[in-house]
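Written out below as structure tokens is the structure these notes cover.
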Amino acid sequence: MALNPSREWLEEFDRVTLAANATISQDPGLAAVVTRSNRANLVYFASAMLRTPGDPVPPNLSAHTLRMARDLVRRGLDASALEVYRIGHNVAWRRWTEIAFELTSDPEELRELLDVPFRSANEFVDATLAGIAAQMQAEYEELTQDIGAQRRKIVELILDDAPISRERAEARLGYLFDRPHTAAIIWYDEPDDDPAGLDEAVDLFSQAVGCPRPLTVMASAATRWIWVKDVAALTPEQIREVQDKTPDVRIAIGSTASGIEGFRRSHFDALTTQRMMARLRSRQRIAFFTDVQMVALLTENPYGADDFIRTTLGDFESASPMLHMTVLTFIKAECNASRAAKLLYTHRNTVLHRLETAQRLLPRPLDHTIVEVAVAIEALQWRGKRTSAAVEFPTEQQSMSAAQR
């Protein structure tokens with residue numbers, strides 16, 4: 001009787017199970033695949049019960065069922081979509097119970113008709129769903145690798161300025177180029193770190209800057225390239241949450257520019273920033289190209305950079321970070337002591353006293369070497385062998401506390 005249900009019952013069975021997932025029910029092709037699989041499970045289980053009553057029923061992992069797992073993944077569904085099978089199991093079990101009561105009213109017969117198949121059906125459904133979920137995971141990993149490899153190949157063609165049309169690239173990547181782009185590189189220093197942390201950082205970064213659908217490329221197991229579009233000028237405050245939640249991740253952020261050429265330039269700027277951080281063994285974990293452009297150019301030759309810092313700063317190289325910050329702030333304030341004092345939240349006389357101290361340590365007068373000293377201090381702040389840890393994103397309160405110290 002279970003192997004020969006009425007057409008009306010089958011239609012009701014299909015309707016109830018598909019209603020459990022709107023994505024499946026609204027996709028005719030996918031609905032047909034899932035309906036066929038659900039019905040096949042009914043026949044598979046009932047046939048096993050008829051053939052060897054009471055024996056465990058092995059999971060139904062036929063080629064058709066495993067192909068269905070692939071279809072679910074290709075439609076962007078995860079294992080939660082398998083809830084339709086639980087619903088189908090409940091509907092089918094109600095029908096089994098109805099059949100049992102149609103056949104007998106004897107308590108012992110009912111117990112045997114219901115108890116043994118109930119346990120077997122639960123085990124069958126659990127094992128079948130576990131097998132489908134495992135296949136879906138394997139399909140997802142394969143799909144991710146395929147898509148990731150294709151995406152990286154297209155992006156590399158664009159970065160190499162290869163002859164690929166903008167329209168084709170946009171269609172393949174799902175990303176528009178006629179917008180302002182900001183590129184970033186997110187990576188681990190240690191390649192053995194959990195790659196899930198990188199993906200979390202990518203999500204946090206895109207959320208922080210207001211771009212829910214960035215273009216992401218897996219450059220390597222420990223590196224992600226990312227582009228966000230149509231975002232306002234990025235600030236350290238926007239990236240702070242990424243820094244706090246993924247402390248082992250490092251981020252280099254390029255400039256913002258438009259079009260395919262801007263897409264390339266922003267990435268190369270981010271790459272320059274990343275290389276500078278690695279070259280200088282910088283302790284800072286987040287850097288903007290706009291902040292380090294001059295330092296990056298200067299330090300392409302690390303030995304030359306060390307020599308420049310040493311000859312420009314002399315004994316001032318080993319001065320306290322507070323003294324370095326005072327001189328740099330003074331220079332950026334157009335050598336106006338009063339303005340620098342306001343920026344440092346300290347008294348003008350304190351700034352003047354610190355400048356006198358710095359002047360005694362510098363090998364040449366500051367007013368003759370303003371540009372060189374500023375660049376040398378900037379480079380020193382990024383260099384990894386600093387004598388004290390750098391403040392990555394100082395707030396006004398932190399700057400004031402440092403100045404007071």
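These numbers were taken from a predicted model, which means no experiment stands behind them.
Counting heavy atoms from C-beta outward, Ile186 and Arg250 have side chains that stay 4.5 Å or more apart. Residues Phe205 and Val228 meet the side-chain proximity criterion, which asks for heavy atoms closer than 4.5 Å. Residues Tyr175 and Phe263 have side chains in contact (heavy-atom distance under 4.5 Å, counting atoms from C-beta outward). Between Gln135 and Met68, every side-chain heavy-atom pair lies at or beyond the 4.5 Å cut-off. Using a 4.5 Å cut-off on side-chain heavy atoms (C-beta onward), Thr104 and Leu110 make contact. The shortest side-chain heavy-atom distance between Gln243 and Ile239 does not fall under the 4.5 Å cut-off. With a 4.5 Å cut-off on side-chain heavy atoms, Phe13 and Leu42 count as touching.
A donor-acceptor contact closer than 3.5 angstrom links the side chains of Asn122 and His89. Side-chain atoms of Ser62 and Thr65 form a donor-acceptor pair, as typed in the model, at a separation below 3.5 Å. Under 3.5 Å, the side chains of Asp269 and Ser255 contain a donor-acceptor pair of N or O atoms. When only modelled atom types and interatomic distance are considered, Asp78 and Ser80 share a side-chain donor-acceptor pair under 3.5 Å. Judged purely by distance below 3.5 Å, without hydrogens or angles, the side chains of Thr182 and Ser266 never pair a donor atom with an acceptor atom.
Atom CD of Glu334 sits in a sparse spot, with 12 or fewer heavy atoms from other residues, nucleotides or ligands closer than 6.0 Å. For Phe268, the CZ atom counts as densely surrounded, since its 6.0 Å shell holds more than 12 non-hydrogen atoms of other residues, nucleotides or ligands.
The ring-ring contact (aromatic ring centres under 6.0 Å, His included) test with Phe45 singles out one residue from Phe124, Phe118, Tyr85, and that residue is Phe124.
A cation-pi geometry, defined here as NZ or CZ lying under 6.0 Å from the six-membered ring centre and within 45° of its normal, does not hold between Arg151 and Trp225.
When every heavy atom of Thr128 is checked against every heavy atom of Leu61, the shortest pair comes out as O-CD2, 3.7 Å.
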